[in-house]
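First the structure, in the form of structure tokens, and then the observations on it.
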There are 2 protein chains.
Amino acid sequence: MSLQYAILGVLDARSMSGYELTRMFESSARWVWSAPQSQIYPLLRKLEGEGLVQGEDQVRGEKMRRVQYSITEDGRHALREWLRSPMDTPTIRDPQLLQALFFDMIEPAEADDVLAHQIEDLRTLIAQWEAHRERLLAKDTPLLKERLSQRDPADHDRIAALKAHVFTHLIESARSRAEWAEQARRILASSGSPVTAHADRPAH
Amino acid sequence: MSLQYAILGVLDARSMSGYELTRMFESSARWVWSAPQSQIYPLLRKLEGEGLVQGEDQVRGEKMRRVQYSITEDGRHALREWLRSPMDTPTIRDPQLLQALFFDMIEPAEADDVLAHQIEDLRTLIAQWEAHRERLLAKDTPLLKERLSQRDPADHDRIAALKAHVFTHLIESARSRAEWAEQARRILASSGSPVTAHADRPAH
DNA sequence: AAGTGCATGTAAGATGTTACATGATTAT
DNA sequence: ATAATCATGTAACATCTTACATGCACTT
């Protein structure tokens, strides 16, 4: 559902080939949506079938056809409809939190390792998001530049602030999660042998 | 992947029928995982096939067969393996944040409505999670009671604190999100006409 | 007699992941 | 030459959502 609008939103800034979109969405820890290449290409075809995007064949080299997709007026309309529609908070489905809920079933030291790994991972993400946020505020990302060039200069600050604000949340959220993990480590250490009843392996 | 371990984790506290598990996981805004009934029953069969859970047929009334599932030693072992394994932060895929990223394409008033709806929704969730958290700290949920009855009383506080801590994060996270949405409303209001270029409908 | 809750299932479709396959162009 | 990057696709599979179907037990 949402990937389609993510694509439309990006194409609204500028036209792109499937490959460029793929690079945007693949392994994009620093972006708000991710999708593998195998989802992008079929979806572009589908959107073209619905008239929301338009592909233009470009000859490159001998017979290499490289398709440049751009958003249509219908596509922009569909995107705006979606942007206007309120949605409920998506149901939480967080494997790491689920894991934490049952940490009393393993040794505190083992749970501690898992949490330490989470914290490490979060630090990396935070750094990436912070960097991206800074670039947005400086209006220094390729896509934002393209977008702003179509807009009234009086709005530039507001638009950049709005986009950066999304990343502010990602950063805040990851920071709060890291603090949560630290606190969880403290609770685990607080005392207590683990798994007294029905142990997985003979007590040692 | 994770649903299977969520089921095992619940069954570790006490045996249950598919129906009871369904009620646990369906529309469970107050829990950390959710799944519709159509996922539960087939998965239970699969887990039984793998020997991770064991179903016991119970006669009820005339010929009504009601199956009570319990976790096996293999199931407990598989669950512990999973609990010990570090995982990377799941890729963020948040439709609401995606929406916010393109709010510059619609009227500020329209975006404001969407954000107001989000905040309302978050308040409801926060209230539910807070209630659940309180009950966990008071060791007053049916499932936690069953679980604690199998464990050393000296660990009870630590276990309850650990579980409650998971909900603390959900609450903190939702609060931070609500504050973020309020801030976003302020940015939207900060000035600026919207969509100057390529308007969806004639400017008014 | 009809409705609600208990209880278990199937089917169709959307979405997402992992892996494989292919060929052209550009850089070393 | 060969490796990396550009570029586009398919296949198989797991997961998740929505909807429908069925029948018993208990209440009103």
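In the text below, chain A, chain B and the rest are named by the order of the sequence lines, each starting its count at 1. Just so it is clear, the values below take in all heavy atoms, side chains as well, and ignore hydrogens, waters and symmetry mates.
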Worksheet item: So, is A/Arg23 close to the D/dT5 phosphate, meaning a side-chain N or O under 4.0 Å from OP1 or OP2?
Response: no

Practice prompt. Spell out protein contact along nucleotides 12-21 of chain C as letters: B when the base is contacted, S when just the sugar-phosphate is, - when no protein heavy atom is under 4.0 Å; keep the 5' to 3' order.
Written response: ---SBBBB--

Item to complete: Could you state the atom-to-atom distance from OH of B/Tyr19 to P of D/dC24 in whole Å?
Response: 17 Å

Practice prompt. Measure from the side-chain N and O atoms of B/Trp129 to the backbone N and O of B/Thr124, and report whether any donor-acceptor pair falls under 3.5 Å.
Written response: no

Practice prompt. Write down the distance between CG (B/Leu44) and P (C/dA7), rounded to a whole number of angstrom.
Written response: 14 Å

Item to complete: Take atom CG of B/Leu43 and atom P of C/dT10, then tell me their distance rounded to the nearest Å.
Response: 13 Å

Item to complete: Whole angstrom is fine here: how far is it from CD1 in A/Ile40 over to P in D/dC6?
Response: 16 Å

Discussion item. Suppose the criterion is ring-ring contact (aromatic ring centres under 6.0 Å, His included): which pairs have a residue in residues 91-121 of chain B, not counting sequence neighbours?
Written reply: none

Worksheet item: So, for A/Ala100 and A/Trp180, which heavy atoms are closest and what is the spacing to 0.1 Å?
Response: CB-CH2, 3.6 Å

Discussion item. What is the distance, to the nearest angstrom, from the OH atom on A/Tyr69 to the P atom on D/dA7?
Written reply: 13 Å

Practice prompt. In whole angstrom, give the distance that lies between atom CD of B/Gln68 and atom C1' of C/dA7.
Written response: 12 Å

Practice prompt. Round to a whole Å and report the spacing from CE of B/Met24 to P of C/dC6.
Written response: 15 Å

Worksheet entry | Pairing residues for A/Asp157 by the side chain to side chain donor-acceptor pair (under 3.5 Å) criterion, not counting sequence neighbours | A/Lys139

Discussion item. Looking at D/dT8, I'd like to know if its phosphate oxygens (OP1 or OP2) sit under 4.0 Å from a side-chain N or O belonging to A/Tyr41.
Written reply: yes

Item to complete: Give a yes or no answer on whether the side chain of A/Gln99 reaches the backbone of A/Asp94 with a donor-acceptor pair at less than 3.5 Å.
Response: no

Discussion item. Quick test of your reading of the model: are A/Arg76 and A/Glu81 salt-bridged, counting only N-O distances below 4.0 Å?
Written reply: no

